[in-house]
Amino acid sequence: MNQTLIIVPTVNERENLPRVAQRLLALPVDVDLLVVDGNSSDGTAKIADELAASHPQIHVLHEAKKNGLGRAYISGFQWALERHYEFIFEMDCDLSHDPDEIPNFLRAAQNSDLVLGSRYTGGVRVLNWPLKRLLLSRCAGIYVWLITGMPFTDPTGGFKCFRRRALQAAGLAAVQSDGYSFQIEVTHRLWRSGFTIAEVPITFTERVEGSSKLTRHIVLEAFWMVWWLWLQNCLRRWPRP
Ligand SMILES: Nc1nc2c(ncn2[C@@H]2O[C@H](COP(=O)(O)OP(=O)(O)OP(=O)(O)O)[C@@H](O)[C@H]2O)c(=O)[nH]1
Ligand SMILES: [Mg+2]
């Protein structure tokens, strides 16, 4: 068993999953892959099972239904904590996140509890997004900072690496949200408890295959969740002393 686990949630990622798996297995560092499939209707789960049957580094969790990104990651994190993984990644299965950037995260994770991939640190690195999506993402980051004080440039991003100790302390059972809000909530729980969080620059590319699962509900959930997080931190805009 490797020290590093890449958790990849999937809903209808038939075209992308084999490519993601192949890119991960070709990395210069050894990693395991956990696919958490939300009952895809396009055969993704079968592809995942076939990949797992031929590669001992690949594992699959099958959810009974599409439960949202947050639930998928929480199942994946619990699976990882029941085993001995030290570096536990979140990564999308749409190739928006470049697997070749994983070694940069691992380097930063030597001295951090959580490493966030950021599209916006030191300039904007987003390819093929409409201006509307880019503005939504940038405004979300500024909004999170204004309300909660959390100073990261890309708090809604979903390419990140947790150290085992951070996930153990994150109180996953109490996490409420999905989608972008899930990303903000888990990072906020660690930030307000004083964990060390680093950002590494990433380049984000709009998906070519499959379709986005972003909905209006996901955006609204994040809008309100930010206020709830500020309340949970006793109206403080800084970590607990
Ligand atoms: N298991 C599971 N996976 C999901 C669910 N919703 C989305 N995913 C997967 O989570 C990853 C991120 O979803 P995307 O649709 O790319 O959403 P996004 O990255 O927030 O939005 P875009 O920027 O538009 O791509 C993809 O690999 C999806 O297949 C879900 O409810 N359950
Ligand atoms: Mg995506």
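Each ligand, and each atom within it, is numbered from 1 in the order the structure gives.
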> Picking from W230, W224, F223, what satisfies ring pair (Phe, Tyr, Trp, His ring centres under 6.0 Å) with W227?
Replying inline: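 For W227, the ring pair (Phe, Tyr, Trp, His ring centres under 6.0 Å) check succeeds only for W230.
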> Taking the six-membered ring for Trp, is the centroid-to-centroid distance between F105 and F87 below 6.0 Å?
Replying inline: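 No - the distance between ring centres of F105 and F87 does not fall below the 6.0 Å cut-off.
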Would you say [X] and [Y] make side-chain contact, with heavy atoms under 4.5 Å?
{"X": "Q22", "Y": "P99", "value": "no"}
{"X": "E13", "Y": "K213", "value": "yes"}
{"X": "D30", "Y": "Q3", "value": "no"}
{"X": "D37", "Y": "V11", "value": "no"}

To which protein heavy atom is [atom] closest, and what is the distance rounded to 0.1 Å?
{"atom": "atom 28 (C) of ligand 1", "answer": "E13 OE2, 3.3 Å"}
{"atom": "atom 32 (N) of ligand 1", "answer": "V11 CG2, 3.6 Å"}
{"atom": "atom 21 (O) of ligand 1", "answer": "S212 OG, 3.6 Å"}
{"atom": "atom 9 (C) of ligand 1", "answer": "P9 O, 3.4 Å"}
{"atom": "atom 6 (N) of ligand 1", "answer": "K66 NZ, 3.8 Å"}
{"atom": "atom 19 (O) of ligand 1", "answer": "D92 OD2, 2.8 Å"}
{"atom": "atom 14 (P) of ligand 1", "answer": "R207 NH2, 3.5 Å"}
{"atom": "atom 8 (N) of ligand 1", "answer": "L69 CD1, 3.8 Å"}

>> If you apply the rule side-chain hydrogen bond (donor to acceptor under 3.5 Å, both in side chains), what do you find for S40 with K66, and how did you get there?
In response: CA-CA 8 Å; S40 295; K66 182 181 184 303; over 6 Å; no
>> Counting only heavy atoms closer than 4.0 Å, does ligand 1 sit against the backbone of K213, its side chain, both, or neither?
In response: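 Answer for K213: both.
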> What do we get for T10 next to ligand 1 when only non-hydrogen atoms under 4.0 Å count, side chain, backbone, both or neither?
Replying inline: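 The answer is the backbone.
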>> Quick check with a 6.0 Å cut-off and a 45 degree axis cone: is R125 positioned over the face of F204's six-membered ring?
In response: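 No, R125 does not sit over the ring of F204.
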> Regarding R83 and the six-membered ring of W79, is the cationic atom NZ or CZ under 6.0 Å from the ring centre and inside 45° of its axis?
Replying inline: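 So R83 does make the cation-pi contact.
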> Taking the six-membered ring for Trp, are F89 and F159 parallel (under 30°), tilted (30 to 60°) or perpendicular (over 60°)?
Replying inline: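 Judged by the thresholds at 30° and 60°, the geometry between F89 and F159 is tilted.
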> Hey, is R133 one of the residues with a heavy atom under 4.0 angstrom from ligand 1?
Replying inline: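 Yes; R133 lies near enough to ligand 1 that a heavy-atom distance drops under 4.0 Å.
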> Can G158 be said to touch ligand 1, with heavy atoms closer than 4.0 Å?
Replying inline: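 Flag not set, G158 not near ligand 1.
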> Which N, O or S atom name in D94 marks its closest approach to the Mg ion (ligand 2)?
Replying inline: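 In D94, the N, O or S atom with the shortest distance to the Mg ion (ligand 2) is OD2.
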Is the closest N or O pair between [X] and ligand 1 shorter than 3.5 Å?
{"X": "D37", "value": "no"}
{"X": "G68", "value": "yes"}
{"X": "W129", "value": "no"}
{"X": "S96", "value": "no"}
{"X": "A72", "value": "no"}

> Any idea which heavy atoms bring Y73 and G158 closest together, and the distance?
Replying inline: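 What the structure gives for the nearest pair is OH-O, 4.2 Å.
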> So which heavy atom on S137 is nearest to which on D154, and how close?
Replying inline: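 Looking at all heavy atoms of both residues, the closest pair is OG-OD1, 4.4 Å.
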> Do other residues, nucleotides or ligands put more than 12 heavy atoms under 6.0 Å from H84 NE2?
Replying inline: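 For H84, atom NE2 is not crowded (no more than 12 foreign heavy atoms under 6.0 Å).
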Out of all atoms in ligand 1, which are within 4.0 Å of some heavy atom of [X]? Include the element for each.
{"X": "C93", "result": "26 (C), 27 (O)"}
{"X": "D94", "result": "16 (O), 19 (O), 25 (O)"}
{"X": "G38", "result": "1 (N)"}
{"X": "Y180", "result": "20 (O)"}
{"X": "E63", "result": "1 (N), 2 (C), 32 (N)"}

>> Any donor-acceptor pair under 3.5 Å linking the side-chain atoms of R19 with those of N16?
In response: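 Side chains of N16 and R19: no pair found under 3.5 Å.
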